[in-house]
Amino acid sequence: MIIDIPLQVNNALDILSSAGFEAYVVGGAVRDAVMGRKVNDWDIAASSLPAQTEKAFESFKVIETGMKHGTVTVIINGFHIEITTFRIDGDYSDNRRPDSVSFTDDITKDLSRRDFTCNAVAYSPSAGFIDPFGGLEDINKKIIRCVGDPGTRFREDGLRILRALRFSRTLGFDIDPLTADAIHENAGLLKNISSERTVAEMCKLLPFAGADFLDEYSDIIFEIIPELKAEKGCRQNHIRHIYDVWMHSCKAVENSPSDAEIRFAALLHDIGKPACKTTDENGVDHFYGHADTGAEITRDVMNRLKVSNRMKNHIITLVKYHGFTPEGFTDKTFRKYIGTLGEETIKDLFALREADIRAQSPAFHEESLKLNKAGYDKFLSLLSQEKCFKISDLNINGTELIGLGIQQGAVIGKILSSLFDEVISDKLPNNKDALSKRAKELYDNGNS
Ligand code: ATP
Ligand code: MG
């Protein structure tokens, strides 16, 4: 078997070997190419030291990406290629980063520091595959297996736990039983991982994660978001439900579009339920106020995970409004929602609601999906009309009101607010003439 390597990458391999060094394509590039998947980054591992690599590429643009770790990036015809010196990692005393790295001229040693066998294969057109850990066989069998002893490898870097889950789902691989056991045994190591790295992996994992997988690795998810633990076994004795809150949430994730933030919201959308659960005299469970409570818990989770403000607010909003039923809204109310939450968020809310419905009892799918579609159609119809969803969408502004002779000050805000109310109630067209005339009327009435 040969790998079809882009011209520029072949060029880089040739330059290194002409300078007397060993050089291979490694990691994800080999794995994806063998699988026939699109390769994102063509990374090269080489026996040259970083300075030697730079020298070999002196006629090209070179970026010193991470000299300490041995990485330089060369740009060949606009193509970025990372070239990293064969490396051995030192001890990992903090479960996340090697205390030191040292360079080696032995590709096998470099491959042995890599996380999974499928990521530990090297290839060059002249040498063929270098595969000391059976990576090609595991790629063939679709198995994620640690290079070496799984427990040791996870204790070196706890993030590998999440990488294992992520590669398993994105590649469609099973996790080898010994590797899976070590994942469960070492779940606690995730505490040592920075929240930024954790969130980045979660965002890559969630779009590919199904309900059974999330449940199988619930201990890992609960390590990251302990607030979800109370969902497991939290029964929902209600005709609309057939799962406990946890499994319902897993199904909601599975049914969501492959968008990381919608899926994050689906995972968290009922996080307020355990705290809000009540059971009535007929034994039926209710969860009054769970969306608001859930939004507050979500805020704590997002703050702890240090996600960006934009992502935090988006996910909190999705959780807070996940139960909205806009098909029952008046046009005026719906327009206000669009103005406050924004078109994109409303779209995401419809997607989340559909996923939520599909995670409930199938007996209600048809009816509930119909309502959701009615709401969505109404949303589209409001969008197709002239857009006025917030005061700033009015075809008149404060300065123009002052130009009409209206006194500067609080009255301007009041008049704009009245105009907006009348426009979204379909009582007044959103054009300057009509708005000006009405503004003067309101002002005169207020002052008479
Ligand atoms: P993709 O970029 O498609 O997510 P990849 O395999 O290229 O997959 P990267 O995170 O880009 O993954 O890392 C490149 C290679 O570096 C991996 O294939 C693996 O060999 C090695 N590697 C990366 N992170 C680790 C880690 N935490 N522990 C051990 N090896 C790692
Ligand atoms: Mg990569």
Side-chain angles (χ1 to χ4, degrees), residues 3 5-6 9 24-46 65-66 69-73 79-92 94-101 104 107-123 129-136 138-139 142-173 179 182-183 186 189-190 192-194 196-209 260:
I3 289 182
I5 297 177
V9 179
Y24 304 92
V25 173
V26 281
V30 178
R31 178 198 69 218
D32 289 341
V34 167
M35 291 178 71
R37 288 160 56 97
K38 183 179 163 286
V39 173
N40 291 321
D41 305 303
W42 289 91
D43 296 332
I44 288 179
T65 312
H69 295 102
T71 305
V72 299
T73 301
F79 207 93
H80 286 56
I81 304 166
E82 277 194 2
I83 302 176
T84 305
T85 306
F86 297 162
R87 235 172 67 183
I88 308 172
D89 293 339
D91 288 341
Y92 287 75
D94 63 356
N95 308 122
R96 52 190 164 140
R97 294 218 190 279
D99 302 333
S100 62
V101 301
T104 168
I107 180 65
T108 302
K109 286 193 178 136
D110 178 273
L111 294 174
S112 71
R113 75 170 168 90
R114 295 175 183 271
D115 45 9
F116 309 112
T117 56
C118 62
N119 289 344
V121 183
Y123 175 84
F129 290 98
I130 313 285
D131 180 21
F133 304 105
L136 288 175
D138 283 345
I139 292 171
K142 295 181 172 284
I143 287 174
I144 298 291
R145 185 199 312 275
C146 284
V147 171
D149 172 62
T152 309
R153 302 314 308 283
F154 291 131
R155 280 188 293 278
E156 288 172 355
D157 178 3
L159 188 76
R160 291 177 187 153
I161 291 176
L162 284 180
R163 285 175 60 88
L165 303 190
R166 190 248 295 184
F167 284 123
S168 149
R169 292 306 83 197
T170 54
L171 302 172
F173 283 20
T179 296
I183 287 176
N186 291 287
L189 294 173
L190 287 169
N192 304 330
I193 301 305
S194 79
E196 289 83 356
R197 293 174 88 203
T198 303
V199 169
E201 280 301 328
M202 284 288 283
C203 286
K204 290 183 191 170
L205 165 66
L206 285 176
F208 296 90

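For ligands, and for the atoms within them, numbers begin at 1 and follow the listed sequence.
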field: Pair Asp115 + Arg160: basic N to acidic O under 4.0 Å
entry: no
- prompt: Which of these, Ile107, Val30, Asp110, sits in a side-chain contact (heavy atoms from CB on, under 4.5 Å) with Ile130?
  reply: Ile107
message: With a 4.5 Å cut-off on side-chain heavy atoms, are Tyr123 and Val34 touching?
response: no
- prompt: Who passes side-chain hydrogen bond (donor to acceptor under 3.5 Å, both in side chains) against Arg197, sequence neighbours left out?
  reply: none
- line: side-chain hydrogen bond (donor to acceptor under 3.5 Å, both in side chains) with Arg145: of Asp138, Thr179, Thr117, only one passes, and it is Asp138
query: How about Asp91: does its CG atom have over 12 heavy atoms from other parts shown lying under 6.0 Å from it?
result: no
message: Just to be sure I understand the cut-off, which residues have at least one non-hydrogen atom under 4.0 angstrom from an atom of ligand 1?
response: Gly27, Gly28, Arg31, Arg113, Arg114, Asp115, Asn119, Asp157, Arg160, Arg163, Arg166, Phe167
